[in-house]
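The next block holds one structure in the form of C-alpha cells; read it before the comments.
Treat the numbers as computed from the prediction; the structure is a model and nothing was measured.
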Amino acid sequence: MQTTALQAPISAVLMGAAFLLASFMPLSAAAATKNPSCTVSVTTEEGEVTLKNKAKILVAEGEDLEIEWSSKNGKEAELNGEEVKLSDSEEFSPEKTTTYKLVVENGSKKATCEFTAYVAEGTITTSGLTKNANKQTLSGTAEGTKKVGVEVYKEGTKKAVFKKENISVKKGKWNVSLSKRLASGEYEVRLYGDKSYELNLIETKEVTIGTTTKDNDDDDKAPAKSNGVLSVGMIPLGMGGSTTAGGNIAATLIEVRNRGTEAVHISGFGVRQSGTASVSVVTELSSLDNLGASRASAKASFKNGVAIAPSDATIEPGKFKLFTVKALLGSSVQAGSTVVLDVVSVISNAKSIAGTFPIRGNVWNIQ
C-alpha cells in the first residue's frame with residue numbers, strides 16, 4: 001500500500017506521542033528499588049557512640065549496653081537473625097564476646113551494620129595513692145585485654161590530672177607509678193582497656209587523698225543503720241571446673257533482695273575457703289553485681305578462716321541484685337588440691353538479714 005503525503009506526518013506524530021508517553025510511565029519494581037542503609041549507635045556507662053560497620057567495643061563484665069538503630073529505604077530488618085523494627089532500640093548484657101549484626105533489606109538489596117562487643121573485667125587498687133610513700137602508684141587486675149589505660153580526675157574537673165596508656169597486663173595484673181604526686185582532695189580513677197576499641201571503659205573508682213589515714217580501699221565511715229531487711233539466696237553458677245596457679249575463679253553467685261522500706265548498703269561478703277588447699281592460695285577477693293555498677297576488690301586477709309570480698313553496692317527497697325564473688329589464686333597453689341569459697345555472711349547496714357549460711361561455692365580443681 002502506498003503512503004500518501006498526508007499519512008506520513010500523522011505517523012510521525014503518533015510515534016512521537018508514544019515515546020513521550022513511555023517517558024512518563026513508572027519504572028519497574030526492580031528499577032525503582034532504592035538501596036537501603038542503616039545506622040547503629042551503642043550506649044554504655046562510658047557514653048554513646050555511633051559505630052562504623054565492623055567496629056569493636058569493650059564492655060565490662062556484667063555491664064548493660066543499649067543498641068539503637070535506624071534505617072532508610074528498608075522494608076524489613078533483622079538483628080542477629082531475629083526480625084526487628086526498622087528503627088528501634090534494645091538492651092543487652094553480654095557475658096562473652098558477642099557480635100551484633102543488623103541486616104536491612106529492600107527486595108534483593110541489603111545493608112549490614114555489624115559490631116562486636118568484647119567482654120573485659122578489671123579492678124582498681126588505690127591504696128598506693130594514700131600511703132606515705134615517695135611515689136604514688138595505682139594497680140589492679142584486668143582480664144580480656146592485654147593493655148590498659150588509666151586516667152585520674154580531680155572532683156569537679158574534666159581534664160585528667162594523670163593519664164597513662166598502653167600499660168601491660170601481666171598474669172592478669174597491672175600497675176603504674178604516677179609521674180607527679182596528687183594533692184589532697186577527692187579523685188576519680190578510670191580504668192580503660194586497649195585504646196583500639198571505640199568504647200573501652202572497664203572500671204571507675206573514687207578515692208580520697210590526704211583527709212584520712214585509713215586505707216581508701218575500705219569504707220572511711222560505715223553508713224547509718226537502715227530499716228532495710230535483706231533476704232539472701234544462692235543462684236547455681238555452674239559446677240566449678242579446673243584452674244591453675246594465677247587463675248581467677250568465680251566462687252559463687254548469690255541473690256540479695258531488699259524486702260524492707262529503706263535502701264541498704266552492702267559493704268562486703270564474708271568468705272571461707274573450705275577446699276583442700278590452704279587459705280594462703282587465695283591472694284585477692286572481689287565482687288561485682290549484675291548491673292556492672294558495683295565492683296570492688298581487695299587483698300585477701302583471712303582471720304579465723306574468714307576473709308572479706310569487698311563491695312560498694314546499694315539496693316533500693318523492693319529491689320534485688322545478683323553478686324558474683326571471685327578470687328584470684330597465687331602461685332603457691334598445689335596441683336591436685338581443691339578451692340571452694342563459701343559465703344558465710346553479708347556485711348551491710350540492714351536491720352536484719354535472712355538466709356541459710358554458708359552458701360556453698362563451686363569446687364575448683366587445681367591442675
Check for me, please, whether Ile124 and Val161 land in the same ILVMFWY cluster - side-chain distances under 4.5 Å, paths through other members count. yes

Gln367 versus Thr244, side-chain donor and acceptor atoms under 3.5 Å: no

Would Leu328 end up clustered with Leu288 when hydrophobic side chains under 4.5 Å apart are linked, directly or stepwise? no

Using the salt bridge (charged side-chain N to carboxylate O under 4.0 Å, His left out) rule, collect all pairs that involve residues 336-359, keeping only residues at least two apart or in two chains. Asp342-Arg360

Going by the disulfide (SG to SG under 2.5 Å) test, which pairs reach into residues 332-367, not counting sequence neighbours? none

With Arg272 via salt bridge (charged side-chain N to carboxylate O under 4.0 Å, His left out) - residues at least two apart: none

Is the count of non-hydrogen atoms from other residues, nucleotides or ligands lying under 6.0 Å from Glu66 atom CD greater than 12? yes

Residues in ring-ring contact (aromatic ring centres under 6.0 Å, His included) contact with Tyr187, at least two apart in sequence or another chain: none

Steps toward side chain to side chain contact (heavy atoms under 4.5 Å, CB included) verdict (Val176, Thr137): CA-CA 6 Å; Val176 63; Thr137 61; over 6 Å; no

Considering residues, nucleotides and ligands other than Lys147, do more than 12 of their heavy atoms fall under 6.0 Å from its NZ? yes

For Lys72, all residues meeting salt bridge (charged side-chain N to carboxylate O under 4.0 Å, His left out), sequence neighbours excluded: none

Distance-only polar pair, side chains of Asn258 and Glu316, donor-acceptor under 3.5 Å: no

Tell me whether Val279 is reachable from Leu329 by hopping between hydrophobic residues (I, L, V, M, F, W, Y) whose side-chain heavy atoms are closer than 4.5 Å. yes

Is a donor from one side chain sitting under 3.5 angstrom from an acceptor on the other, for Thr276 and Thr338? yes

Residues 70-117 vs disulfide (SG to SG under 2.5 Å), sequence neighbours excluded, gives Cys38-Cys113

Looking at Arg257 and Glu255, is any side-chain nitrogen of the basic one under 4.0 Å from a carboxylate oxygen of the acidic one? yes

With sequence neighbours excluded, tell me which residues meet side-chain hydrogen bond (donor to acceptor under 3.5 Å, both in side chains) with Thr141. Thr123

Heavy-atom distance under 4.5 Å between the side chains of Leu138 and Asn175, does that happen here? no

Check whether Phe323 and Val229 end up in the same hydrophobic cluster, where Ile, Leu, Val, Met, Phe, Trp and Tyr are linked by side-chain heavy atoms less than 4.5 Å apart. no

Which residues pass the ring-ring contact (aromatic ring centres under 6.0 Å, His included) test with Tyr192, not counting sequence neighbours? none

Tracing side-chain contacts under 4.5 Å among Ile, Leu, Val, Met, Phe, Trp and Tyr outward from Leu86 reaches Val40, Val42, Val49, Leu51, Ile57, Val59, Leu65, Ile67, Trp69, Leu79, Val84, Phe92, Tyr100, Leu102, Val104, Phe115, Val119, Leu199

Results of salt bridge (charged side-chain N to carboxylate O under 4.0 Å, His left out) for Glu114 - residues two or more places apart only: none

N/O donor-acceptor pair under 3.5 Å between Gln273 side chain and Val340 backbone: yes

Going by distance alone, is a donor N or O of one side chain under 3.5 Å from an acceptor N or O of the other, for Ser278 and Ser280? yes

Smallest heavy-atom separation, Ser226 atom then Val264 atom, equals OG-CG2, 3.8 Å

Do Lys321 and Val256 have side chains that approach each other closer than 4.5 Å (heavy atoms only, starting at C-beta)? no

Could you tell me which non-hydrogen atom of Ala250 sits nearest to which non-hydrogen atom of Lys326, and how far apart they are? CA-CG, 4.0 Å

Glu105: which residues meet the salt bridge (charged side-chain N to carboxylate O under 4.0 Å, His left out) condition with it, sequence neighbours left out? Lys110

State yes or no: do Phe269 and Ile347 share one hydrophobic cluster built from I, L, V, M, F, W and Y residues joined by side-chain heavy-atom distances below 4.5 Å, directly or via other members? no

Contacts of Glu78 meeting side-chain hydrogen bond (donor to acceptor under 3.5 Å, both in side chains) (sequence neighbours excluded), chain-then-number -> none

Could you pull out the closest heavy-atom pair between Ala309 and Ser286, with the gap in Å? CB-O, 4.0 Å

